[in-house]
Every structure is written in C-alpha cells, then in structure tokens.
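A, B, ... follow the sequence lines: proteins, then strands. Residue 1 opens every chain. Please read all numbers here as calculations on a predicted model, not as lab measurements.
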Amino acid sequence: MYPSVNVFAVILLPLLVSPSLAAQEPAPAQPNALELLTKADAYRNFKGKSFTFDLTLNSMEPEKDDKIFTLNVEILNPHTSLVIYDQPTSERGKALLMSENNLWFHSPHSRKPIRITPQQRLLGEASNGDVASTDFSGDYMPSYLGADAIDDVAYHKLELVAKPDSLATYSKLHLWIRSDNHKPYKADFFANTGKLLKTAFYQRYEKLPYLGDKEQLTAILIVNPLSEGKQTLMEYADFQVAELSSSRFTTSGLRRLR
Amino acid sequence: MKPTCALTLATLLSMAFYRPAMALEWEGLELRGRTELAWRYTPLRDNTTFNPGRSIVDRPEHSGILGQRLSPSYHYGPLSLRGDFWLQSEINEDDHDEEFYIQEGQLDWYVNDNLIFSGGVGLQHWGPGYIWNPANPFQDREINVEDRVISYKRNGNVFAALEWIDDSGWSATAYYVRHKLRDPFYGDNVPYENTFAIKFNQQFNNSDLTLTYARQEKMDFFGSSFSITVGNQLELHSELSVRNRRFTQLAQRVAVSPVDDIFVLQRNETHDWHAQFLMGGQYTTESQINFIFEYFYNGEGYSNSEYDTLEQGAKHSSQQLASPFSAAAAGFLGNTNSMLGRMKQHYLFARISDTQLADDMEGKLFFRYGLQDASIVVGGLLSYDIVDGISLSAGGQYFGQVSGSETAEIPFRFILNAGITILF
C-alpha cells in the first residue's frame with residue numbers, strides 16, 4: 001500500500017512556509033545536538049583524562065533483600081575501561097574489561113577471560129555499558145528532537161542512535177538535558193524492537209572540591225518499566241584523575257589482577 | 001599433623017573466621033580463600049568391554065571431598081607476587097587420598113607501561129573456545145572445567161614469559177614453559193619437555209586475532225584463534241592449530257610367543273601434520289539466558305578403525321585376565337579406561353545457562369554429542385547463594401549408553417555431586 005497524501009496539505013504547505021511569512025517570524029536556530037551531548041557528557045568524565053572512581057550499585061526488587069555491589073572503576077579513555085568487583089564476597093575479584101567495542105569478563109575462579117556481549121547483564125538492572133561507559137558521544141549519534149518541559153523546568157530532548165559497529169548496549173535512547181546547565185536529567189533506553197527497556201534518572205550532582213570544584217554526576221537510578229519496583233541505584237564516589245598504565249587494560253592484564 | 005587433619009582444621013578455621021564481606025588485606029598483602037565440601041556418587045556399570053565384571057575399575061561409589069584453596073597476593077610498586085594453592089582430600093570407605101596442588105606461584109614485574117616479565121609456576125590458558133582451546137599449545141587434560149561442583153585442580157607449569165603490550169592494540173609474548181602433553185589418550189607417562197612459544201595478539205574494533213608458534217622437543221605447533229562480537233547479543237569464535245607430531249597411544253598386538261600375543265598401548269609417533277579446530281558462538285537473550293554452541297575436531301583423536309582395534313584389544317585382554325598374561329592384560333584395560341570419554345575426533349557441544357533460574361538460583365545444562373559413534377554426555381549444575389560467600393551446588397553428568405559408543409564404555413553410569421562452597 002502507498003502512503004496516503006493529503007492534497008490540501010500539499011497545496012497549502014508552500015503558502016504556510018512562504019518566504020514572506022517566514023521572514024516575519026524567524027524560527028530560532030535548532031541547538032547543535034552534538035554540542036549539547038558533549039556538554040552533558042562533561043558531567044560524567046574529565047575531558048579526555050584518565051580517572052578512577054568507586055561505584056556502589058544497589059539492586060532493589062519488591063519483597064526481596066537489596067543486593068549491593070561495590071566496584072572499583074578505572075577509565076583509561078572513553079573507549080577503554082576496567083571494572084573490578086570488590087563486594088559482595090561472592091563477586092570479589094571478578095573484572096570486566098571494555099576495550100574499543102570488545103568486552104571481556106574474568107572471574108578468579110575460571111581460567112581465562114571470556115568475550116561477552118553487551119547484552120549480558122552482570123549487575124541487577126545495570127548493563128555492562130551502564131557501568132563501564134562514561135559518555136554517550138562515543139557510542140551514539142545524537143539528533144535534536146525538540147524542547148520539552150517537565151515540572152516547569154526546560155529541557156532539550158535528544159535522540160541517540162547507536163553508531164554502526166559500536167559497543168552501544170541500546171539501539172536507541174532518548175535523553176533529556178536541562179536547558180540552563182546541560183545536566184542530563186533522564187534517559188529512556190529502547191531495544192531494537194522499539195520496546196522501552198529501562199529509564200535512567202540522573203539524580204545527584206556534587207562539586208568535587210579536590211578537583212577544582214568540578215560538578216560531577218554522582219547518582220543514577222535505573223528503573224525497569226516492565227517490572228514494577230525493580231530498580232538499581234548507582235552511586236559514584238572518590239573520583240580521582242590519575243595516570244593509568246595501558247597494560248592493565250588488556251586480556252592478559254585481567255589475569256594478573258587477582 | 002596428617003594432611004587430612006590439617007585440611008579439616010583449615011576448613012573449620014575458614015568457617016569460624018568467615019564473615020560476609022570479610023577481606024584479609026594488609027599493606028599490599030591480600031589473602032583469598034575457597035573451601036569446598038562435597039559428596040560424590042559414582043555408580044559403576046556392571047560390565048563393559050573395558051571393565052569386564054568390574055575387574056579393573058571397582059571403587060566405592062560414595063566419596064567425600066574436602067578442598068581448601070588459598071590465594072595470597074602481594075603488590076609492591078612494579079612487582080606483584082601471586083599464589084594459588086589447593087589442598088584436597090578425597091575420602092571413601094576404603095581409603096583416603098590427599099593432594100597438594102600449586103596452580104600458581106609467580107612473580108610479575110611491570111618493567112614499564114609496555115613490558116611485563118612473569119615467571120615461576122603458572123597455568124597458561126587462552127583461547128575463545130568455551131570447553132576446549134586447540135589454539136593453545138598448553139591445553140589442559142580436561143575440557144569444560146567451568147561447569148563443576150568440585151573445582152578442577154592441577155599443578156601449574158614452571159615458566160618464564162616476557163610480554164610487550166603496544167599502545168596501538170597489539171601484544172606479543174615470548175614463553176618458556178616446562179610442559180607436558182595432557183590429553184588422556186597420550187597416557188600418564190608423558191615426559192615434561194622444554195617448550196618455547198611466541199604469541200601475537202591483535203585487537204580490532206570488535207574482534208581479536210591470536211597467532212601462536214610453539215616449539216616443543218620434536219614438535220612444531222602453529223595455532224590461531226579469532227573471536228568477534230556481532231551486534232549486542234551474539235559472539236562467534238574459532239580456533240585452529242596444526243602440529244607435526246602425533247603423540248596418541250594406539251592399541252597394538254604384540255607377539256609374546258609363537259602362539260600367544262597381547263595387546264599394548266604404544267605411541268604412534270609419526271611426524272605428519274595433524275589439525276585440531278573448534279568453532280562456535282554464544283547468544284544471550286534479553287531475559288539473560290545464555291546459549292553456547294561449539295563443534296570441535298581433534299585430529300589426534302581415534303578414528304573409527306583405531307577405536308575398533310582398541311575394542312578388539314579390550315576383548316582379547318579380557319580373555320587373558322586369568323592367563324599368565326593377566327598383568328599385561330589388566331594394565332592394558334586399566335589404561336584404556338582412563339582414556340575413555342573424549343578420545344574420538346568429532347564432537348558437538350551446547351550449553352544453556354540462566355543466572356536467575358528461580359529466584360537467585362543459577363542453572364546450567366549442557367550436552368555433548370560424538371558425531372562418530374553417537375556418544376552422549378548430558379550434564380547440569382545448579383547453584384544457590386545461601387548468604388553472601390556461601391553457596392550450595394549440585395550437578396552431575398550422565399554418560400549415554402548407545403551401543404558401540406565410547407560413553408557406553410565409561411565405567412560409571414553417571415556422576416552426581418553436591419556440595420557447599422565458602423569464599424573469603
């Protein structure tokens with residue numbers, strides 16, 4: 001079946017957007033989506049520098065005990081990071097390496113690192129990408145969807161589509177960025193099928209006095225819309241900008257971590 | 001103090017000192033441990049070609065296994081020392097057996113950001129294959145060492161290695177390893193040999209390639225492996241190697257008098273090229289169910305005609321158990337029993353696992369099928385964390401009974417294990 005065409009719209013549309021009318025009320029220039037995304041990412045990383053932080057994940061489900069994981073995360077660059085599990089005891093020493101679009105997992109109990117896929121979730125509702133990646137601009141191409149307002153606060157709404165051959169965990173996401181300071185507010189993550197998989201709320205920002213009062217994202221709440229009450233709180237602490245040895249970020253380095 | 005007493009004491013101490021989230025750390029020194037207490041049930045088949053009337057393998061069906069792993073590590077500047085030791089006691093109604101394994105005792109020296117020297121005792125494992133790694137010249141005796149209630153343990157190799165990691169994504173490692181071939185059909189009396197190897201790894205955007213050359217005494221080995229992530233749910237991998245020495249023990253008829261002959265196992269040390277390869281992948285669904293599928297070919301395994309000769313040897317030896325050649329016959333049958341299980345050439349493997357099978361219970365189910373003789377191994381593993389660091393697990397393997405298949409000749413009908421594991 002061919003798409004239907006509204007004849008009146010075809011005739012009238014050129015009139016509605018005729019140069020004379022458009023000149024009277026110039027439309028505001030559309031914000032640059034990539035610039036907005038880069039500014040939003042700046043709350044999650046340190047402008048190309050390598051850094052480390054501690055991450056606590058609290059995985060919550062109704063009528064179940066919370067599961068709390070503590071992780072030490074090392075970010076060499078936007079495409080290379082290392083996540084080392086510290087707690088609980090059953091997970092201690094496990095490690096996740098993200099290098100370019102490769103993901104490896106190593107357990108002290110097994111004999112060698114194994115390649116895993118972004119789909120494999122290791123920590124509650126948080127995917128590997130949620131934990132190991134600290135910027136969107138490396139994995140997704142943004143486009144501007146429009147302005148939005150939530151509770152009288154103005155936001156830019158972006159659509160991010162996974163770059164071809166990237167390690168992006170999601171095929172598409174919608175990201176709301178505050179218009180005044182470019183802080184990420186929330187994101188909806190979608191599967192290939194278009195199904196909403198999860199929503200993340202970027203809940204807390206803190207100034208880091210020991211790093212020039214840089215304002216940093218320190219809490220994300222991930223909510224599963226398909227299962228009421230199932231959510232994971234990710235809390236970041238102890239950010240340190242540090243020189244990191246690239247030899248740690250290899251599969252052979254994983255075996256030496258223990 | 002007897003090893004059993006020491007092991008029991010170590011286990012009791014680990015239980016007494018166990019605290020959830022406890023970490024034994026002090027000034028760069030860290031100690032981790034794992035205690036395993038398990039029961040094993042191995043009912044014997046009454047009669048097989050290789051174990052007639054249980055005359056060769058006849059052991060108690062129930063046994064208890066107590067294992068204590070200690071893994072200390074110490075980091076000081078560019079140096080790190082790591083150890084991985086197991087003490088295991090296996091006890092049954094007739095006997096007990098204690099073993100101490102040094103899996104790892106090695107020094108790593110980070111000479112600079114790109115160069116690392118390692119040496120001591122260690123295990124050299126790599127390769128993307130799940131159950132077997134033919135591209136690794138130091139491959140292990142066992143396959144599928146992961147899906148077990150009782151950890152697989154063995155002594156490491158004496159080795160030295162120098163690794164260069166380039167910032168552009170490739171690395172090269174030179175190894176010296178005091179190594180011996182471990183496949184069951186090589187036999188138990190395989191000597192340690194000096195092996196020199198060089199491994200080159202290149203990482204690409206979503207894949208990696210490894211090339212290996214190894215020179216063992218009288219043998220050249222070339223190996224390569226490749227793995228790739230396709231989309232965000234599928235991973236594919238392959239491994240291939242060739243070597244110019246076949247070390248497999250084969251059954252041979254030997255005349256001991258003008259009218260008598262016996263069967264013996266002898267290595268057919270030909271120097272023609274033999275290939276081994278594996279290909280497979282894994283797929284993870286949105287609900288986190290993981291599938292692994294692999295096909296592997298072992299060019300050093302038994303062909304159908306070689307296996308037929310082995311069976312003839314077993315039947316012949318069975319008839320000689322009451323003859324003057326009984327010792328030789330029993331020796332032949334004893335050795336062949338330890339080779340059964342994965343001695344042929346073509347196999348398919350599949351595994352399904354669910355980390356949240358029911359509540360927090362993890363479940364795995366695997367299946368291995370021999371293409372030459374319809375041999376079947378079906379296994380499973382269930383594990384459940386009672387509290388953090390303490391888990392219960394149960395699992396086992398059933399060996400198919402298709403007539404003429406190698407799994408029908410395994411002296412056990414099936415193996416069941418159940419146990420408790422404590423981590424600290």
query: Is it the backbone or the side chain of E286(B) that comes under 4.5 Å from a heavy atom of chain A, or both, or neither?
result: both
field: N102(A) side chain vs S207(B) backbone, donor-acceptor pair below 3.5 Å
entry: yes
message: At a 4.5 Å cut-off on heavy atoms, which part of D113(B) comes close to chain A: side chain, backbone, both, or neither?
response: both
task: Give, as side chain, backbone, both or neither, the part of T250(A) having an atom under 4.5 angstrom from any heavy atom of chain B.
output: side chain
query: Ion pair present between R256(A) and E163(B), side-chain N to carboxylate O less than 4.0 angstrom?
result: yes
Which portion of N133(B) sits near chain A, non-hydrogen atoms under 4.5 angstrom: side chain
message: With a 4.5 angstrom heavy-atom cut-off, is it the side chain or the backbone of S227(B) that approaches chain A, or both, or neither?
response: both
message: For the interface with chain B, which of H109(A), K67(A), H79(A) has the highest count of heavy-atom pairs at distances below 4.5 Å?
response: H109(A)
- prompt: Rounded to the nearest 0.5 Å, how far does OG1 of T229(B) lie from CG of L103(A)?
  reply: 7.0 Å
query: Where on Y152(B) is there a heavy atom nearer than 4.5 Å to chain A: the side chain, the backbone, both, or neither?
result: both
- prompt: Looking at N112(B), I116(B), D140(B), which has the largest count of heavy-atom pairs under 4.5 Å with chain A?
  reply: I116(B)
statement: So, the part of L115(B) with a heavy atom under 4.5 Å from chain A: the answer is neither
query: Nearest 0.5 Å, what's the OG-CD1 distance between S90(A) and I422(B)?
result: 13.5 Å
Option in R34(B), E235(B), E146(B) with maximal non-hydrogen atom pairs under 4.5 Å from chain A: R34(B)
Taking every non-hydrogen atom, the tightest pair across N206(B) and R115(A): O-NH1, 3.3 Å
Interatomic spacing from CG in N232(B) to CG in N101(A) - rounded to 0.5 Å: 11.5 Å
statement: When the 4.5 angstrom heavy-atom criterion is applied to D208(B) and chain A, the contacting part is both
field: More than 12 heavy atoms from other groups under 6.0 Å of CD1 on I102(B)
entry: no
query: How about Q203(B) and S99(A): does a side-chain donor come under 3.5 Å of a side-chain acceptor?
result: yes
- prompt: Hey, what do you get for OG (S252(A)) to CG (N201(B)), rounding to the nearest 0.5 Å?
  reply: 8.0 Å
query: Could you give the distance from CG (N192(A)) to CD (Q233(B)), rounded to the nearest 0.5 Å?
result: 7.0 Å
task: For W109(B), look at atom CH2 and say whether over 12 heavy atoms of other residues, nucleotides or ligands are found less than 6.0 Å away.
output: no
